Amino acid sequence: MPELPEVETTRRGIATIMPGRPLRKLAVYEPRMRWPVPADLSERVANRVVQSCERRGKYLLLIFEHGTMLIHLGMSGSLRRVQLDEPRRKHDHVEWLFDDARFLLHDPRRFGAVLWHDNQEGSLLEHPLLVRLGVEPFGPDLTPAFLHDRFKGKRLNIKQALLAGDIVVGVGNIYASEALFRARIHPMTPAGRLSLKRCERLCESIRATLSDALTSGGSTLRDYVNATGNPGSYFDIHAAVYDRENKPCKACGALIRRIVQGQRATYYCPRCQRH
DNA sequence: CTTTAACCCTGGAGGC
DNA sequence: TGCCTCCAGGGTTAAA
């Protein structure tokens, strides 16, 4: 479920509640996630105050005075606010309990993670899971020149280069296809062959695609964090090409194609998008 | 160094 | 109904 817009929506949701409050209890019901949830995590954070809720790429960061809790939603995770007396459902693996608020991490596939980084272990930015991440799509570092420079010499196709996350973060499988459609760039184009001009279009397209998703996703997913019910209304978000194989392109009418790149599906319009 | 593919896991959809 | 295969929005890791 979670691409960057959902992770950011989740962050905004928890950021309205958690900061300034002591975490009374962290309950781990299932520690077998992408990596094991540290056995001593609960005692490390018990009664400690959450200072702020940040995001780096698709990692949620709960900042404490003495360290940071890293949360990743993986492929199927969601973090939602629930009533204090609401029963846990299947696949509710971790619980954050505050005096008057409660959150559950629900993750059927358990590709998500809940980890801890101690302040004394060096800068958070040097954490092995964060250190290789590319620039934030909404930050000042994402520029046409930056993309052009980082693509230089790469023979990897542009779709996989975007998805890899080491150049720019937050462009998941759906929005990689959508951003390339918007930029009218063929997904098989070697990244190193993109002109500065096309990097400019790509740059704008990435931002526009993600920010559109954040706007509409933020409203469809407003309840993502603060209500009961099913958080997975993600497919409702309109896609120009994603999951539209053999349907007409909304711009030109040609049939959308599906290909596989790096074992992930890519969708594109063979007429609108050029090498 | 770059690129590829296996893998972690559950569940839903569709074929038979 | 059941059983099978395929597919899924993530990213790390080892191997080529």
Side-chain angles (χ1 to χ4, degrees), chain A residues 1-11 29-37 55-60 70-79 89-94 105-115 127-134 137 150-181 187-193 206 209-210 212-214 216-218 220-221 224 230-246 258-267:
Chain A
M1 308 192 164
E3 292 223 20
L4 183 131
E6 273 172 303
V7 177
E8 176 59 17
T9 300
T10 300
R11 187 198 67 78
Y29 302 105
E30 175 52 88
R32 296 175 303 167
M33 305 289 286
R34 177 67 174 81
W35 296 278
V37 178
R55 179 186 59 75
R56 178 72 179 99
K58 291 173 187 164
Y59 289 89
L60 291 166
L70 290 83
I71 304 166
H72 200 290
L73 300 179
M75 196 93 110
S76 59
S78 61
L79 179 58
R89 302 173 303 175
K90 195 177 182 183
H91 304 308
D92 285 339
H93 302 317
V94 182
L105 176 68
H106 181 83
D107 186 3
R109 289 173 75 179
R110 291 192 277 115
F111 285 0
V114 180
L115 298 169
H127 190 283
L129 294 175
L130 305 183
V131 72
R132 275 167 237 280
L133 294 182
R150 291 297 304 271
F151 288 153
K152 193 166 23 177
K154 266 196 188 300
R155 289 190 290 211
L156 186 65
N157 64 71
I158 182 61
K159 157 65 160 37
Q160 287 184 259
L162 277 182
L163 205 51
D166 56 346
I167 296 177
V168 55
V169 295
V171 184
N173 202 42
I174 294 177
Y175 296 121
S177 285
E178 294 297 312
L180 287 172
F181 171 76
M188 295 277 276
T189 310
R193 295 232 313 261
I206 290 169
T209 301
L210 291 177
D212 282 2
L214 196 50
S216 63
T220 35
L221 298 177
Y224 203 73
N230 174 18
S233 49
Y234 209 58
F235 277 120
D236 296 342
I237 290 172
H238 83 283
V241 290
Y242 185 82
D243 205 25
R244 298 197 63 243
E245 186 181 17
N246 289 328
R258 177 189 190 274
I259 57 175
V260 173
Q261 297 175 286
Q263 302 157 245
R264 311 291 298 275
T266 303
Y267 299 85

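Not measured: the values here are computed from a predicted model. We use all heavy atoms of the structure for the numbers below, so side chains are in, but hydrogens, waters and symmetry mates are not. Below, read A as the first sequence line, B as the second, and so on, with proteins coming before strands; counting in each chain starts at 1.
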From C-beta outward on [X], which listed nucleotide comes closest to its side chain: [options]?
X        : options               : result
A:Gln263 : B:dG11, B:dA5, C:dT12 : B:dA5
A:Arg110 : B:dG11, B:dC8, B:dC9  : B:dC9
A:Arg109 : B:dT3, C:dG10, B:dC9  : B:dC9
A:Leu129 : B:dC9, B:dT4, C:dT12  : C:dT12
A:Gln160 : B:dT4, C:dG10, B:dT3  : B:dT4

B:dC9: pairing nucleotide in any strand, Watson-Crick or G-U under 3.5 angstrom =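 Paired with no nucleotide.
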
Please work out if A:Arg155 contacts a base, only the sugar-phosphate, or nothing of the nucleic acid, heavy-atom cut-off 4.0 Å.
->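 Counting heavy atoms under 4.0 Å across all strands, the contact made by A:Arg155 is with sugar-phosphate only.
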
Is there a donor-acceptor pair closer than 3.5 Å between any side-chain N or O of A:Glu3 and the backbone N or O of A:Pro5?
->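 Flag not set: sc A:Glu3 to bb A:Pro5 has no pair under 3.5 Å.
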
Is a side-chain donor or acceptor of A:Arg244 paired with a backbone partner of A:Asn246 at a separation under 3.5 angstrom?
->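 Judged by distance alone, no pair lies under 3.5 Å.
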
Any side-chain N or O of [X] less than 4.0 Å from the OP1 or OP2 oxygen of [N]?
X        : N      : result
A:His91  : B:dG11 : yes
A:Arg264 : C:dG10 : yes
A:Tyr242 : C:dA8  : no
A:Lys90  : B:dG11 : yes

Planes under 30° and centres closer than 5.5 Å, is that true for A:Phe111 with the base of B:dC9?
->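 Given the distance and angle limits, no, they do not stack.
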
Test item: side-chain donor near acceptor, A:Thr266 and A:Gln261, under 3.5 Å =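 The answer is yes; a qualifying pair exists.
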
